[in-house]
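Just so you know, residue 1 is the first one in the sequence shown, and it goes up from there. Side chains are part of it too, since the values below use all heavy atoms of this structure and drop only hydrogens, waters and symmetry mates.
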Amino acid sequence: MNAQASTNDTILQVEHLSMKFGGLVAIGDLSFQAKRGEITALIGPNGAGKTTVFNCITGFYKPSEGMLTLNRRDGSSYLLERLPNHEIPARAKVARTFQNIRLFSGMTLLENLLVAQHNKLMKASGYTILGLFGFSSYRQASAESIELAKHWLEKADLVDRADDPAGDLPYGAQRRLEIARAMCTGPELLCLDEPAAGLNPKESAALNELLMDIKNNTGTSILLIEHDMSVVMQISDHVVVLEYGRKISDGSPQSVRTDPRVIAAYLGVDDEEVQEVLVEVGDEDVIEQLDTGPDSAHGPGNSASMMAGPVSDTTEHANEGERVTVSKGASKAAQVDARAASIASKPVAPPPAAKTGAAKAGAKKPATKAPAKAAGISNRLDAPRGGKADSLIRIKGIGPVNERKLNEHGIFHFDQIAAWKKADIEAAEAYLAFDGRIAREDWIGQAKALAKEAAAKPATGGGRK
């Protein structure tokens, strides 16, 4: 009984899903559940594999490994990876929208919604031309289809434009029309691929209202890919986070938004910078989680891919002899896990007796690195000239965290950055993990202008602005 109740409560179960394109592992051993009557969001940085998951669920791709089980309300279950493409919407009742709008722009709004019901109308016509002769069964089916189309046009706040061409609608209205068209197929699972992309705040609010109406009044469950976090956090019941095709977090919106691995993956910062970010926002609970180790409740489970080691090393599939190398440090979430594990494994040294009072004050900040030991940048200094460093954050692209790191590396003044040669830039980028950003943001040019401004101040008697 309990197992059956659990099955009925889960509309979609993804188990050990893997999708490989030659030597590229786009999805690596992904498992999660979507509950019936809930909105489940699938989020992650660009290239994380979200749309690939959708393509596997809706039959555009056949997964390399894994099971995709769809449980319908009537108790029937379907393995989506085994169904022919056209039977997934017809039998399993799964509908989807795409990142790019795919409406029939020359047809009216009403016609677009009637096209979505062509299976019902064809069946009523006997799959012949009988509908042309006005048979009562076809007339009834046609009237029901028009009524359903009008119902969803009203839900999408588009009924006043039912006879307008779909291509004449504003972008946000086209998004709602696409969702209304999908709902005309009577889905039990609605898969939406970035429905809020390109919407302004007013259009996003209208979209949220429509999705909440679908969730609350139709019984349709929603699986959502979205980059707009305001949409995700407002309407989602459950969030799954991907990075490089692997699940790094899984839980409620509140737990996911404060997961250090998710913060690292989205911000693209180094693992030691994550703690600085959390200190700045003042979330002591999250800082404590980061310092004591990864949260197993929200991270990936013990699966084959996780046992193979972090994605920053390699992804291996021994059965096929396949080995895909991913650059070191590529996975920011893996960096956080590695750092937390190393912290947990190190013995805590007692504070020196002479510094007992100062130890507590400096507990949250890592020990300052000695600039004299730093290597790579040629014009580093042991200390700022005159005991006062320039405010490097005035250079666009340098924030408080990177200013501190540059100071630790012996860079305190604008004229030091202005004098950098190619080797210095390469050394700084390797240290900051920036990969070309210094040239793109023209740190050298900005630093030269600021150094010139600073040099001119004594001559003009200039003070602080």
Side-chain angles (χ1 to χ4, degrees), residues 14 16-32 40-58 60-66 68 96-101 191-198 223-232 236 239-250 256-257 259-271 273-274 298-300 303 305-306 308-317 322-338 429 432-437 440:
V14 178
H16 306 294
L17 173 66
S18 294
M19 185 69 212
K20 296 177 286 187
F21 300 95
L24 173 66
V25 181
I27 302 295
D29 201 22
L30 173 65
S31 298
F32 71 90
T40 301
L42 192 63
I43 69 172
N46 286 330
K50 304 181 295 297
T51 298
T52 301
V53 174
F54 262 37
N55 286 338
C56 291
I57 292 171
T58 54
F60 286 84
Y61 297 154
K62 293 303 177 185
S64 306
E65 300 172 19
L68 303 166
R96 82 170 283 183
T97 64
F98 295 83
Q99 289 182 14
N100 299 318
I101 292 175
C191 300
L192 304 177
D193 196 345
E194 297 192 32
L223 184 61
L224 175 76
I225 293 176
E226 190 49 70
H227 282 292
D228 188 336
M229 290 300 102
S230 64
V231 172
V232 171
S236 299
V239 180
V240 178
V241 190
L242 298 184
E243 188 199 29
Y244 291 100
R246 295 196 180 189
K247 183 174 72 174
I248 61 173
S249 192
D250 185 351
V256 164
R257 73 192 300 174
D259 190 322
R261 287 160 295 193
V262 177
I263 296 171
Y266 265 93
L267 297 183
V269 297
D270 292 336
D271 55 323
E273 287 186 66
V274 175
H298 297 143
S303 58
S305 64
M306 293 307 296
V311 72
S312 54
D313 294 331
T314 57
T315 301
E316 288 188 282
H317 294 269
E322 186 173 75
R323 182 182 181 91
V324 180
T325 301
V326 182
S327 61
K328 277 281 188 182
S331 173
K332 302 302 180 184
Q335 289 181 24
V336 173
D337 280 341
E429 288 186 332
L432 300 172
F434 273 179
D435 297 332
R437 178 171 161 186
R440 288 195 302 271

Once you round to the nearest 0.5 Å, how far does [atom1] of [X] lie from [atom2] of [Y]?
X      : Y      : atom1 : atom2 : value
Leu17  : Glu65  : CG    : CD    : 9.5 Å
Asn55  : Lys62  : CG    : NZ    : 11.5 Å
Phe32  : Lys247 : CZ    : NZ    : 8.5 Å
Ile225 : Leu42  : CD1   : CG    : 5.5 Å
Lys20  : Thr52  : NZ    : OG1   : 14.5 Å

Kindly give the heavy-atom pair with the smallest separation between [X] and [Y], and that separation in Å.
X      : Y      : value
Thr58  : Phe54  : OG1-O, 2.7 Å
Gly44  : Lys50  : O-NZ, 3.1 Å
Asp29  : Ser18  : N-OG, 3.0 Å
Ser31  : His16  : OG-N, 2.8 Å
Pro195 : Leu224 : CG-CD1, 3.4 Å
Ile27  : Ala48  : CD1-O, 4.5 Å

* To do: State which residues pass side chain to side chain donor-acceptor pair (under 3.5 Å) with Thr51; sequence neighbours excluded, sorted by chain then number.
  =>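 Thr51 satisfies side chain to side chain donor-acceptor pair (under 3.5 Å) with Gln99, Asp193 once adjacent residues are dropped.
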
* Structure fact -> Of Asp250, Ile248, Val232, Val241, the one forming a side chain to side chain contact (heavy atoms under 4.5 Å, CB included) with Val256 is Val241

* To do: For residues Val53 and Val14, determine if any side-chain heavy atom of one lies less than 4.5 Å from a side-chain heavy atom of the other.
  => no

* To do: Taking the side chain as every heavy atom from C-beta outward, state whether Met229 and Ile43 have any pair of such atoms under 4.5 Å apart.
  =>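 Met229 reaches Ile43 side chain to side chain.
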
* Evaluate the side chain to side chain contact (heavy atoms under 4.5 Å, CB included) criterion for residues His227 and Asn46: first the C-alpha distance (whole Å), next the side-chain angles of each, then the deciding distance (0.1 Å), finally the verdict. => CA-CA 9 Å; His227 282 292; Asn46 286 330; 3.1 Å; yes

* Under the 3.5 angstrom rule, does the side chain of Glu226 hit a backbone N or O of Ala41 as a donor-acceptor pair? ->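 No: the side chain of Glu226 does not pair with the backbone of Ala41.
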
